[in-house]
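Sequential numbering from 1 along the given sequence is applied to the chain's residues. What you are looking at is a predicted structure, and each value in this text was computed from that prediction instead of being measured.
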Amino acid sequence: MKTGPFIRYENTTAKMMKNLFLALVPILLFGFYKNGISPFIEGYATVYGLFYPLLLVFVSVFTSYISEYTFIRILRRKTKEETKKEMKNSFWIFPGLILSLIVPYNTPLILMVVASFIASILGKMLYGGFGYNLFNPALIGCLFLITFYGAQIDKMGGYLNTEEFHAVSRATPLSNVSLVEGIGSYSTLVKPYGTLLDFFFGTIPGALGETSAVLSLLAFFFLSYKRVIKWKIPVFYIGTVFLLTFVIGKYSGVGLWYPMFQILSGGLFFGAVFMATDPVTSPITSIGQVLYAILLGILTVAFRYLSPLPEGVLTSILTMNLFVPILDKIGSSRGNASKKMALPLLGCLLFSIFLVQQVVKKYTKTEEGDSNFSIVSKEENQNKTTYVVTQKGNGGLITSELVLENGVVLSFKVLEEHETDAYYQMVLDANYIDTLLKKQENIEDVDTISGATISSKALKKTMINVLKEAGVLK
């Protein structure tokens, strides 16, 4: 390192971060229009609601700045001049900025402060600062927020802005997947949100910066041209998700729209371009990048289909961050590239085959029964039978108690729910449970409540499943 010679690389870290910021600006502006300006124009948002998207970003970024400045100034005992110099090279804006673009839109500002602090301090500074972090800082903050406050945020509206809250009767597209029977159809997965073009352009419910695939795609071309990101990671990541869901869809008899729906949902494009390619937490070797991206795709599909985590992108990237050193070791070892990749790729293929088999098995089984329904207890007392059951709703499991006598439901009481307050209030105002009790002989014909479709459908499915369990319905 002392004698050289050296090749000077003009694309400095500062230039790369500047280009990264420029690529995020159109996405931020689109999020401001979709979640602030449009609801305000349509009369669904106040002036505060108009500027809330920008306020969410500002609070997150400002917290990131204060957190890093305080950490350097106090814990590292740096002078003001030394702190300013270190902050300049810390690129403090990005943990808070990216975090604000991926959290649920209705995150309270105080929780945004906490999440941004976690991202900057636990996710970045405790590891040594920029260039030393093991995990993507923004994802650490988001994981903390969703893990500890996800249910609370869902009750406040989750990912829906004020316009979507009135116009859309369900949550994000991938959350909706877990509520339909079987693998779903175009009419149940895509049509409630428009067409696949709406998914491509980003006019669907989702986080502030994650919904527009076209803007993420343009950012990919720009950042690849400027050599800011590693193009192999987004290409192989998205390609793997497409291929696996294409096979799953093909086996289930659905068309090409199904894998397109999967790659255009859940912020996959945004995650693949802006988070999976993080220069610190992703592989630097070419072989490592390909393996990393393929495994990301496999894990994302696994999380989406076989876990309670419908999005999958966040958990997949954080999981693979752990294996980056191993992948780089494989990629940097001596030997022919094709030979080095043969065994890992074979492992990926076998894992993919096993994954597809498990998904097909799970969704074939759901046609025989409702996987979102579970019996907690069943007590018989003379002619009466009391069921305590759970049914998946919009915000989680709805626990209910139903009392049957001679095949007739006498009472239906909700014991616990985690639904969005406004949606569940619509169910209560409509006396929906009373309607189900009165019309239980023809319960299949009972309509759900417009504007609270998921919550009312869950209650309807609860009664149907109990009646099937009791042998009243087939």
Side-chain angles (χ1 to χ4, degrees), residues 8-29 31 54 56-76 78-103 112-113 115-144 208-210 216 219-220 222-230 233-234 270-284 314 317-318 321 324:
R8 183 174 178 83
Y9 188 45
E10 294 182 357
N11 197 17
T12 63
T13 303
K15 288 182 179 179
M16 292 172 66
M17 295 298 103
K18 179 181 178 182
N19 287 326
L20 180 62
F21 177 77
L22 291 176
L24 285 167
V25 169
I27 293 174
L28 174 59
L29 293 177
L54 297 182
L56 194 71
V57 174
F58 173 79
V59 168
S60 183
V61 171
F62 183 72
T63 302
S64 183
Y65 174 82
I66 294 297
S67 300
E68 292 196 22
Y69 184 90
T70 304
F71 186 91
I72 296 170
R73 186 81 170 88
I74 298 177
L75 296 183
R76 290 184 181 172
K78 300 285 187 178
T79 65
K80 287 185 178 180
E81 292 301 320
E82 289 174 332
T83 303
K84 288 180 180 179
K85 184 178 180 180
E86 190 165 339
M87 287 291 290
K88 184 178 180 180
N89 298 320
S90 179
F91 305 104
W92 52 267
I93 191 174
F94 289 102
L97 176 58
I98 294 180
L99 175 65
S100 66
L101 296 176
I102 63 176
V103 298
M112 193 74 251
V113 171
S116 184
F117 174 83
I118 294 294
S120 297
I121 302 300
L122 295 185
K124 179 181 176 183
M125 300 306 293
L126 287 181
Y127 286 97
F130 180 77
Y132 296 95
N133 47 290
L134 177 62
F135 299 100
N136 185 296
L139 292 180
I140 290 293
C142 189
L143 178 65
F144 170 84
L208 191 62
E210 286 186 334
S216 293
F220 165 73
F222 172 73
L223 295 174
S224 297
Y225 172 74
K226 292 291 185 178
R227 297 185 180 182
V228 175
I229 64 172
K230 306 138 187 175
I233 294 177
F270 185 88
V273 174
F274 290 102
M275 294 184 289
T277 58
D278 177 52
V280 181
T281 59
S282 61
I284 60 174
L314 180 152
I317 295 175
L318 285 176
N321 285 164
V324 167

| Gap separating the CG atom of L20 from the CG atom of D278, nearest 0.5 angstrom | 9.0 Å
| query | Quick one: CD on E82 to CZ on R73, what's the gap to the nearest 0.5 Å? | reply | 9.0 Å
| remark: Rounded to the nearest 0.5 Å, the CD1 atom of I74 sits from the OH atom of Y69 at a distance of 9.5 Å
| message | Around atom CZ of F135, are there more than 12 heavy atoms from other residues, nucleotides or ligands closer than 6.0 Å? | response | yes
| task | Taking the side chain as every heavy atom from C-beta outward, state whether V113 and F62 have any atom pair closer than 4.5 Å. | result | no
| request: Apply side-chain hydrogen bond (donor to acceptor under 3.5 Å, both in side chains) to the pair T277 and S282, showing each step before the final yes or no. | output: CA-CA 6 Å; T277 58; S282 61; over 6 Å; no
| query | salt bridge (Lys or Arg N to Asp or Glu O under 4.0 Å) with E68: which of K84, K78, K124? | reply | K124
| Close side-chain approach of L143 and I118, heavy atoms under 4.5 Å | no
| said: I'd like to know whether V324 forms a side chain to side chain contact (heavy atoms under 4.5 Å, CB included) with T281, so could you lay out the CA-CA distance, the side-chain angles of the two residues, the decisive distance to 0.1 Å, and finally the verdict. | reply: CA-CA 7 Å; V324 167; T281 59; 5.7 Å; no
| Under 4.5 Å between any side-chain heavy atoms of S60 and L97, yes or no? | no
| said: Quick one: does any side-chain atom of T63 pair with a main-chain N or O of V59 as donor and acceptor, under 3.5 Å? | reply: yes
| request: Any chance you could lay out the side chain to side chain contact (heavy atoms under 4.5 Å, CB included) test for F274 and I27, step after step, and finish with the verdict? | output: CA-CA 11 Å; F274 290 102; I27 293 174; 3.4 Å; yes
| field | M125/R76 under side chain to side chain contact (heavy atoms under 4.5 Å, CB included): CA gap, chis, key distance, verdict | value | CA-CA 11 Å; M125 300 306 293; R76 290 184 181 172; 4.0 Å; yes
| field | Candidates L101, N136, L314 - the one meeting side-chain contact (heavy atoms from CB on, under 4.5 Å) with M275 | value | N136
| Heavy-atom pair with the smallest gap, counting every atom of A276 and I317 | N-CD1, 3.8 Å
| request: For K230 and P283, indicate whether the former's side chain and the latter's backbone hold a donor-acceptor pair under 3.5 Å. | output: yes
| query | Got a sec, which residues hit ring-ring contact (aromatic ring centres under 6.0 Å, His included) with F91, two or more places apart in sequence or on another chain? | reply | F130
| query | Can you tell me how far CD1 of I98 sits from CZ of F270, rounded to the nearest 0.5 angstrom? | reply | 6.0 Å
| query | Taking it one step at a time, do Y65 and V61 satisfy side chain to side chain contact (heavy atoms under 4.5 Å, CB included)? | reply | CA-CA 6 Å; Y65 174 82; V61 171; 5.7 Å; no
| message | Return the OG to CD1 distance between S64 and I93, rounded to the nearest 0.5 Å. | response | 8.5 Å
| query | How close do I121 and S67 get, heavy atom to heavy atom, and via which atoms? | reply | CD1-O, 3.5 Å
| said: So which atom in L208 and which in V57 form the shortest heavy-atom distance, rounded to 0.1 Å? | reply: CD2-CG2, 3.7 Å
| query | More than 12 heavy atoms of other residues, nucleotides or ligands under 6.0 Å from CG of L22: is that the case? | reply | yes
| Inter-residue atom distance M17.CE - T13.OG1, 0.5 Å rounding | 6.5 Å
| message | With a sphere of 6.0 Å drawn around CZ of F222, does it hold more than 12 non-hydrogen atoms of other residues, nucleotides or ligands? | response | yes
| For the residue pair G123 and N133, what are the closest heavy atoms and their distance? | O-CB, 3.3 Å
| request: Grab the two heavy atoms, one from S116 and one from G96, that are nearest each other, plus how far apart they are. | output: OG-CA, 4.1 Å
| remark: Minimal heavy-atom distance between Y127 and Y132, with the atoms involved, is O-CB, 3.3 Å
